[in-house]
J.: 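Just dropping this structure here.
So that the names make sense, note that chain A is the first sequence line, chain B the second, and so on, each numbered from 1. Atoms considered below: every heavy atom in the structure, side chains included; atoms not considered: hydrogens, waters and symmetry mates.
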Number of protein chains: 2
Amino acid sequence: MKVSSKGEYALRALLVLGENHGKVVSIQEISERTLVTVNYLEQILLKLKKLGYLESKRGTNGGYILKRNTSEINIGEVIRVLEGPLSPMGCASITKYKACQLEPTCQLKPLWSLVRDTIAYVLDQTTLEDLLENRLTFIKGDDLLGFKRTN
Amino acid sequence: MKVSSKGEYALRALLVLGENHGKVVSIQEISERTLVTVNYLEQILLKLKKLGYLESKRGTNGGYILKRNTSEINIGEVIRVLEGPLSPMGCASITKYKACQLEPTCQLKPLWSLVRDTIAYVLDQTTLEDLLENRLTFIKGDDLLGFKRTN
DNA sequence: TAAATGTTGACTAAAGGAGTCAACATTTAA
DNA sequence: TTAAATGTTGACTCCTTTAGTCAACATTTA
């Protein structure tokens, strides 16, 4: 159930850029603060730019700037675009559903669906701002009950 | 955040054996019911045997038998032994903690911890019996609040 | 004793993860 | 105007994991 380095590093970079909202930050500096090599960051930042999270400025004093507001950057979304679906299994994925021959009578699918829903619930409610302020989304018990299969 | 085929197939096999509790089921039959090749199942069943979930009977009419009671087989445990920690990141893993240089000031670790706790909460409360009876663990809201960081 | 099974370990092929590198394009400060 | 500092792009490599396959062997029972 791992998150890959790309997802982790992307979030690290977004945190650095979020702390410097409005300011241009060079790859070099992001590299120092995230402990990710410049070369590898290039790949990741470029992808985040193409996805609309960042803007770039070339030349001397160039770098990257956060485009959106930190409260509008959803962690679940970032992880999905960088790593694919949150679901542990294709059969339970909403964004990339994959059929399975056993599905009609599968006793595991409800479990995978529950896991997916739970992960999605946590990550989709968390924004970059929440992380910057060390404030994780408070999950109301009743909300949680709402989407759970209990029969 | 994927579960590998080994974890999925192991659970499929356990479900077949759970349905036939007390009876010997041949690899051949498990293969037919799970759609996993006999050769691959051998690996997986042997591992489950070594871990104490199954017993085997050799020779004609041989096969595997579920050793423990279905209500005593914990899904979180099965996934951990076959796939490793549930945590999406080493820094948030309890069973296989991995240090990280950024940890003292890391703004991501609380997120990974929350994800880990949530996944573990769901899987550790689910037993093979629950799956067989299509009854997923009912998660009380108050219980859930208890382990959540909310500051 | 032959056939049906489990046991074990070596092997392989493909995919994904984690980066590296180099040539290039653009901007800005000197 | 030019050199230095950056971002851009794509090809490339190395490693690990995943997902099996296969074959020789051991044991049991009809």
Side-chain angles (χ1 to χ4, degrees), chain A residues 1-13 16-17 20 23-32 34-51 53-67 79 81-85 88-90 96 98 100, chain B residues 1-13 16-17 23-32 34-51 53-67 79 82-85 88-90 96 98 100:
Chain A
M1 313 278 281
K2 293 291 168 258
V3 164
S4 75
S5 69
K6 244 169 193 143
E8 162 85 8
Y9 295 169
L11 290 176
R12 285 190 195 173
V16 169
L17 289 165
N20 295 280
K23 282 180 253 168
V24 176
V25 186
S26 70
I27 295 191
Q28 184 56 45
E29 184 177 342
I30 299 176
S31 168
E32 282 159 14
T34 57
L35 302 183
V36 181
T37 65
V38 168
N39 283 325
Y40 200 24
L41 269 178
E42 284 168 355
Q43 276 186 30
I44 295 165
L45 294 174
L46 211 53
K47 192 158 189 177
L48 288 174
K49 182 190 169 189
K50 282 179 182 163
L51 290 167
Y53 291 100
L54 310 179
E55 274 176 349
S56 62
K57 189 160 171 280
R58 288 183 157 196
T60 309
N61 297 326
Y64 283 91
I65 320 168
L66 195 59
K67 204 169 166 184
I79 294 183
V81 294
L82 280 151
E83 319 227 336
M89 218 70 203
K96 290 263 182 193
K98 185 89 194 308
C100 164
Chain B
M1 313 278 282
K2 293 292 169 254
V3 164
S4 76
S5 68
K6 242 168 194 143
E8 163 85 9
Y9 295 169
L11 290 176
R12 285 189 196 173
V16 169
L17 289 164
K23 282 179 251 169
V24 177
V25 186
S26 70
I27 295 191
Q28 183 55 46
E29 184 178 341
I30 298 175
S31 169
E32 283 160 13
T34 57
L35 302 183
V36 181
T37 65
V38 168
N39 283 324
Y40 200 25
L41 269 178
E42 283 168 359
Q43 276 187 30
I44 295 164
L45 294 174
L46 211 51
K47 191 156 191 179
L48 287 174
K49 181 191 170 189
K50 282 178 183 163
L51 290 166
Y53 292 100
L54 310 180
E55 274 177 347
S56 62
K57 190 161 173 280
R58 288 182 157 199
T60 307
N61 296 327
Y64 283 91
I65 319 169
L66 196 60
K67 205 170 165 185
I79 294 184
L82 280 151
E83 318 229 335
M89 218 71 204
K96 290 261 182 197
K98 185 85 194 307
C100 165

J.: How many Å lie between CG on B:L41 and P on D:dG20, as a whole number?
T.: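 In whole Å, D:dG20 P and B:L41 CG are 10 Å from each other.
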J.: So, do B:L54 and B:I65 sit near enough that their side-chain heavy atoms are less than 4.5 Å apart?
T.: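 No - every pair of side-chain heavy atoms lies 4.5 Å or more apart.
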J.: Determine: side-chain N/O of A:S5 to OP1/OP2 of C:dA18, distance under 4.0 Å, yes or no.
T.: yes
J.: Please check the phosphate of C:dA4 (OP1 and OP2 only) for any side-chain N or O of B:S26 closer than 4.0 Å.
T.: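 B:S26 to C:dA4 OP1/OP2: no side-chain N or O under 4.0 Å.
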J.: Base, sugar-phosphate alone, or nothing: which one does A:E42 contact when heavy atoms must sit under 4.0 Å apart?
T.: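 Base: the residue A:E42, judged by heavy atoms under 4.0 Å, touches a nucleobase.
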J.: Is there a donor-acceptor pair under 3.5 Å between the side chain of B:E83 and the backbone N or O of B:S4?
T.: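 It does hold such a pair.
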J.: Quick one: is C:dT7 close enough that its OP1 or OP2 comes under 4.0 Å of any side-chain N or O from B:K49?
T.: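 So the side chain of B:K49 is within the cut-off, an N or O lying under 4.0 Å from OP1 or OP2 of C:dT7.
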J.: Given atom CD1 of A:I30 and atom C1' of D:dA5, what is their separation to the nearest angstrom?
T.: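 My rounded result for the distance is 15 Å.
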J.: Round to the nearest Å and state the distance from A:K2 atom NZ to D:dT18 atom P.
T.: 10 Å
J.: Which atom pair, heavy atoms only, marks the closest approach of B:I27 to B:E42?
T.: CD1-CG, 3.7 Å
J.: To the nearest Å, how far apart are A:I44 CD1 and D:dG10 P?
T.: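 From A:I44 CD1 to D:dG10 P: 17 Å.
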J.: Go nucleotide by nucleotide along DNA chain D from the 5' end; which of B:E83 and A:N39 gets its closest nucleotide reached first?
T.: A:N39
J.: For nucleotides 25-30 of chain D, which of its nitrogen or oxygen atoms have a protein nitrogen or oxygen under 3.5 Å away, and what is each distance?
T.:
from: D:dT27; atom 1: O4'; to: B:R58; atom 2: NH1; distance (Å): 2.6

J.: Search all heavy atoms of A:T34 against all heavy atoms of A:A13 and return the closest pair with its distance.
T.: CG2-N, 3.9 Å
J.: To check you understand the geometry: which heavy-atom pair defines the closest contact between A:Y64 and A:L46, and what is its length?
T.: OH-CD1, 3.7 Å
J.: When the nearest nucleotide of DNA chain C is assigned to B:Q43 and to A:Y9 on a heavy-atom basis, which residue is associated with the more 5' position?
T.: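 Taking each residue's closest nucleotide, the earlier one in sequence belongs to B:Q43.
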J.: Please pick, from C:dT7, D:dG20, C:dG19, the nucleotide with the shortest atom-to-atom distance to any side-chain atom of B:T37.
T.: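 Taking heavy atoms from C-beta onward, the closest nucleotide is D:dG20.
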J.: Find the distance A:K6:NZ to C:dG16:C1' and express it as a whole number of Å.
T.: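 To the nearest whole Å, that distance equals 10 Å.
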J.: Classify the nucleic acid contact of A:K47 as base, sugar-phosphate or nothing, counting any heavy atom under 4.0 Å across all strands shown.
T.: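 Since no nucleic acid heavy atom lies under 4.0 Å of A:K47, the category is nothing.
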J.: Would you indicate what A:L45 reaches in the nucleic acid, counting non-hydrogen atoms under 4.0 angstrom: base, sugar-phosphate, or nothing?
T.: nothing
J.: Where does DNA chain D pair, written as one dot-bracket string 5' to 3', with Watson-Crick or G-U pairs under 3.5 Å, ( ) inside the strand, [ ] for crossing pairs and | for another strand?
T.: ||||||||||||||||||||||||||||||
J.: When you measure from the side chain of B:S31 to the backbone N and O of B:V36, does any donor-acceptor pair fall under 3.5 Å?
T.: yes
J.: Drop me the distance from A:L41's CG to A:Q28's CD, to the nearest 0.5 angstrom.
T.: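 These two atoms lie 9.5 Å from each other.
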J.: For A:Y64 and C:dT27, what is the distance between atoms OH and P respectively, to the nearest whole Å?
T.: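 Distance, rounded to whole Å: 14 Å.
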J.: The side chain of A:Y40 lies closest to which of these nucleotides: C:dT7, D:dT9, C:dG19?
T.: C:dG19
J.: Can you tell me how far P of C:dT20 sits from CG of A:L46, to the nearest Å?
T.: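 Rounded to whole Å, this separation is 17 Å.
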J.: Nearest 0.5 Å please: distance from the CG atom of B:L45 over to the CG atom of B:L17.
T.: 7.0 Å
J.: What is the distance from atom CG of A:L51 to atom NZ of A:K67, rounded to the nearest 0.5 Å?
T.: 10.5 Å
J.: Measure the shortest side-chain to side-chain distance between A:Y53 and A:K47 over non-hydrogen atoms and say whether it is less than 4.5 angstrom.
T.: no
